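What follows is one structure encoded as structure tokens, with my remarks underneath.
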Amino acid sequence: MKKLFGLKLGGLQQKILNLVLVFVFAIVGAFMITSVYLSRNLTKVVEDSSDKQEKSMTEISEKTISAVLELSLTKSNKMEADIANGIFTLAKGDVQTLQEYAEYIFNNPDEFSEKPVSYPKKENDGTPSVQLQHEAGLDPENDRYLGLAGNMSELMLSMYKNSSVLNSCFIATADGSIIFADDRSGSYFDENGNVEAFETRQRPWYTGAVENKGLYFTGVELDAFTGIPGLVCAAPVYVDGKLVAVVGADIFLYQLSDYMKDSAKSGSINCIVNENGELIFSSIDEGTFKTSTADEAVDLREHENKELAAFVSKALKEPTGLTSLSLQGREYYVCATPMDVVGWTVASAVDKEMTDAPTKSLISAHEKINSESEDDYHNRSEKSQRILLIITVAILILAVAAALTLARAIVKPIERMTARIGEMKDSDHAFEMENTYRTGDEIEVLAESFATLSKHAREYIAQITRITAEKERIGAELELATKIQADMLPNIYPAFPDREEFDIYATMTPAKEVGGDFYDFFLIDDDHLGLVMADVSGKGVPAALFMMMSKILVSNYAMMGMSPAKVLEQVNAQICKNNEEEMFVTVWFGVLEISTGKVTAANAGHEYPIIKKADGSFELFKDKHGFVIGGMDGMRYKEYEFTLEKGGALFLYTDGVAEATNAANELFGIERMLEALNAEPEAAPKKLLGNMQKAVDGFVGDAPQFDDLTMLSVKLL
């Protein structure tokens with residue numbers, strides 16, 4: 001197109017000019033009326049558009065917040081339920097262990113001598129110890145079961161020291177005596193310095209276990225001596241159908257309560273409801289969610305608020321998903337996950353007013369902007385009308401010049417819009433309405449569409465930013481779970497600084513934030529060292545919880561002095577009792593006799609150990625395999641023996657080492673493992689494991705890690 005005096009011949013400007021010249025004189029008279037009409041019509045369009053934008057913003061914001069809550073609150077609630085369930089699972093497992101050992105003692109009295117237990121001593125306060133109390137008027141000499149019950153002392157003391165959840169464990173005889181292990185000896189004396197009597201058979205945990213004839217969890221009670229709120233897990237012990245004792249363990253609620261409050265710092269309310277519909281834990285201390293003791297608690301399933309009653313009834317049976325609930329004139333988003341061990345449920349709630357705050361703030365800001373824009377528009381409109389009077393006179397005098405000017409003015413918004421969109425191409429600036437685009441026709445509609453699209457794009461980016469922040473928070477919680485899991489394993493070296501007969505070192509690198517592999521080593525006595533290497537099926541938090549339970553069971557049974565095969569049999573029997581998720585674990589367990597180097601071991605479906613003689617190289621030892629732990633009840637395991645000479649070493653590992661895979665989908669394999677070990681066969685255990693990790697990393701390269709890598713080495717010096 002050619003230009004003549006700034007006019008594009010054949011272009012849009014020329015066409016507009018021709019049209020104006022034809023109708024200019026005809027429209028001058030009606031121009032002012034048309035201007036007023038268009039102004040009012042445009043005002044209505046702006047107001048309607050503003051209302052639609054506000055409605056759209058509200059709907060999108062509410063849907064987004066609901067989706068984020070559905071993802072974050074329910075996932076966080078399930079994780080809290082899994083962790084709480086794990087705490088009670090550990091307590092339940094410990095009490096079942098006490099029950100089984102007590103039944104064994106009382107059913108085999110010829111194998112045990114009567115073992116005395118002393119009264120509490122004030123100087124033992126703060127030190128884990130075993131002590132005796134009894135009911136008023138009872139002479140311990142007349143207690144028929146006290147002597148045999150004394151044989152439980154070492155197990156209870158070991159269990160208390162090694163447990164992260166128990167505040168005491170005990171055995172109460174049917175004649176009224178109680179032997180317990182804790183570190184609160186100073187709490188059991190009256191004002192005269194005498195040991196207080198303890199009415200054992202009147203305590204709720206005793207009567208509940210007897211009436212239930214099996215494992216029993218009490219409600220929230222105040223501890224008889226410390227006044228600290230807690231609950232008790234107890235189980236009866238029978239001989240030929242006759243009650244001889246009740247075993248149990250205390251769990252103080254401040255541990256779980258502190259966790260629930262810490263997890264609620266983000267603004268949510270977290271609580272736990274027992275099987276009777278009673279609120280026993282809560283992150284707040286007032287209102288409907290306030291915690292009460294057992295004698296004050298009410299059944300929320302019968303609450304006058306029918307919505308709350310229905311929610312609690314459902315929550316005790318199945319996960320509820322995200323739902324809304326009205327409480328005391330306020331709206332809440334709530335969800336719950338049941339705990340299968342004790343039949344309780346963990347519930348989480350968020351005040352809807354808090355979640356709606358961003359939407360209200362957004363709408364308020366939008367209304368303010370619209371109000372300011374409307375005022376500005378009206379002011380400019382009035383000013384324009386005054387100017388138009390002058391322009392009209394000028395148009396009559398200079399029709400052609402005015403027509404040309406008007407043509408340029410009509411085309412200008414399109415040119416400006418095109419230039420503005422071009423400027424946005426490589427920047428993060430938003431397209432915004434300008435006075436240039438306010439033409440009252442399709443150009444303004446097009447500009448408003450661009451502005452709306454640009455605004456929605458920026459809002460979408462902001463939503464993505466918030467979602468990313470939420471993912472980072474979840475990652476932080478998983479990082480905490482990883483640290484808790486790592487702290488469960490021996491990780492302080494040298495592990496036995498006062499023992500110069502041997503050197504030991506172990507590492508675990510999980511494939512996910514938390515893994516299923518674990519290792520353990522512990523002195524059973526001065527001359528016997530227990531060694532454990534295991535691999536739980538699956539990954540993540542479920543595998544970590546299963547790992548914690550398996551580790552504790554193995555160490556507890558090993559500390560009883562059982563043989564490796566017997567330990568695996570007992571652990572298998574215990575896990576098979578409550579393995580509804582059908583998980584399993586492979587375990588290699590051995591006992592090293594430090595003075596002779598003899599190793600007695602049993603293998604439950606785990607990898608072959610690798611052994612090095614004093615003057616030789618590392619070689620694979622193909623031992624006798626048994627079936628995996630948790631796979632089938634009633635399994636029996638075979639033991640075998642081998643000897644480590646001075647200077648000899650043992651290397652244990654999980655399948656994540658041998659099956660490490662590179663980018664070409666090749667396995668690291670046993671041969672490469674032996675090569676890495678024999679590169680420096682005389683090296684200390686820490687150096688051996690470092691060489692192995694370096695070899696695996698070099699082989700795998702940038703390929704992702706698909707399985708946990710866990711290794712342990714012990715060397716006789």
Side-chain angles (χ1 to χ4, degrees), residues 87 90-91 94-95 97-98 101-102 114-141 143 145-147 149-173 175-206 218 220-234 245-259 293 487 492 498 522-523 525 552 555-556 559:
I87 291 175
L90 293 177
D94 287 340
V95 172
T97 299
L98 291 174
Y101 192 47
E114 294 193 353
K115 188 172 182 179
V117 181
S118 61
Y119 288 101
K121 298 178 181 179
K122 290 185 177 180
E123 59 268 22
N124 288 338
D125 195 35
T127 302
S129 57
V130 177
Q131 46 245 329
L132 169 68
Q133 279 186 281
H134 53 76
E135 296 179 354
L138 175 66
D139 184 353
E141 296 293 334
D143 192 318
Y145 311 110
L146 184 59
N151 289 281
M152 297 285 290
S153 299
E154 294 182 1
L155 173 60
M156 292 193 299
L157 187 59
S158 174
M159 184 176 291
Y160 172 75
K161 289 180 178 179
N162 289 283
S163 175
S164 60
V165 300
L166 301 185
N167 290 283
S168 73
C169 50
F170 57 82
I171 177 170
T173 68
D175 285 344
S177 298
I178 182 169
I179 302 172
F180 52 93
D182 64 12
D183 60 357
R184 302 184 297 278
S185 299
S187 302
Y188 305 120
F189 294 86
D190 59 21
E191 59 186 9
N192 298 319
N194 299 319
V195 177
E196 292 185 353
F198 186 64
E199 301 302 321
T200 304
R201 292 171 292 185
Q202 297 179 18
R203 298 300 297 170
W205 50 262
Y206 187 101
T218 69
V220 178
E221 302 287 347
L222 297 179
D223 183 71
F225 297 99
T226 64
I228 298 175
L231 56 84
V232 179
C233 178
V246 173
V247 296
D250 284 309
I251 308 171
F252 283 170
L253 299 189
Y254 62 77
Q255 294 174 320
L256 190 56
S257 179
D258 289 346
Y259 169 76
T293 57
D487 290 343
I492 299 176
D498 56 340
F522 45 86
L523 284 171
D525 55 40
I552 292 172
S555 62
N556 283 349
M559 294 303 294

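What you are looking at is a predicted structure, and each value in this text was computed from that prediction instead of being measured. Side-chain atoms are counted along with the backbone in the values below, which use heavy atoms only and exclude waters and symmetry mates.
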Nearest atoms (heavy-atom pairs only) where [X] meets [Y]:
| X | Y | value |
| --- | --- | --- |
| Leu155 | Leu98 | CD2-CD2, 3.9 Å |
| Leu132 | Ser177 | CD1-CB, 4.2 Å |
| Ile171 | Ala149 | CD1-CB, 4.0 Å |
| Pro140 | Leu146 | CB-CD2, 3.7 Å |
| His134 | Tyr119 | NE2-OH, 3.0 Å |
| Gln133 | Pro120 | CG-CG, 4.4 Å |

Taking only residues two or more places apart in sequence or in another chain, which ones pass side-chain contact (heavy atoms from CB on, under 4.5 Å) with [X]?
| X | value |
| --- | --- |
| Lys161 | Pro128, Leu157 |
| Asn556 | Asp94, Met159, Ile552 |
| Ala91 | Leu166, Ile251 |
| Asn194 | Asp190, Asn192 |

Exercise. Okay, side chain of Thr97, backbone of Val95: is any donor-acceptor separation there less than 3.5 Å?
Worked result: no
Exercise. Counting only heavy atoms not in Glu141, do more than 12 sit closer than 6.0 Å to its CD atom?
Worked result: no
For this session: May I ask you to test the Phe180-Met156 pair for a side-chain heavy-atom distance under 4.5 Å?
Result: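 Phe180 does not reach Met156 side chain to side chain.
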Exercise. Arg184 versus Asn167: any side-chain heavy-atom pair under 4.5 Å?
Worked result: yes
Which residues share a side chain to side chain donor-acceptor pair (under 3.5 Å) with [X], sequence neighbours left out:
| X | result |
| --- | --- |
| Asp125 | none |
| Glu135 | Arg201 |
| Asp525 | His528 |
| Ser185 | Ser129, Gln131 |

Problem set entry | Any residue meeting ring pair (Phe, Tyr, Trp, His ring centres under 6.0 Å) with Phe170, in chain and number order, not counting sequence neighbours | Trp205
For this session: Kindly write out the residues that satisfy ring pair (Phe, Tyr, Trp, His ring centres under 6.0 Å) with Tyr206, not counting sequence neighbours, or none if the list is empty.
Result: none
Seminar exercise, completed: Sequence neighbours excluded, the answer for salt bridge (charged side-chain N to carboxylate O under 4.0 Å, His left out) partners of Glu114 is none
Problem set entry | Partner residues of Asp175 under the salt bridge (charged side-chain N to carboxylate O under 4.0 Å, His left out) criterion, sequence neighbours left out |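 Asp175: salt bridge (charged side-chain N to carboxylate O under 4.0 Å, His left out) contacts with Arg144.
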Seminar exercise, completed: Partner of Tyr160 under side chain to side chain donor-acceptor pair (under 3.5 Å), picked from Asp182, Asp250, Asp183, is Asp183
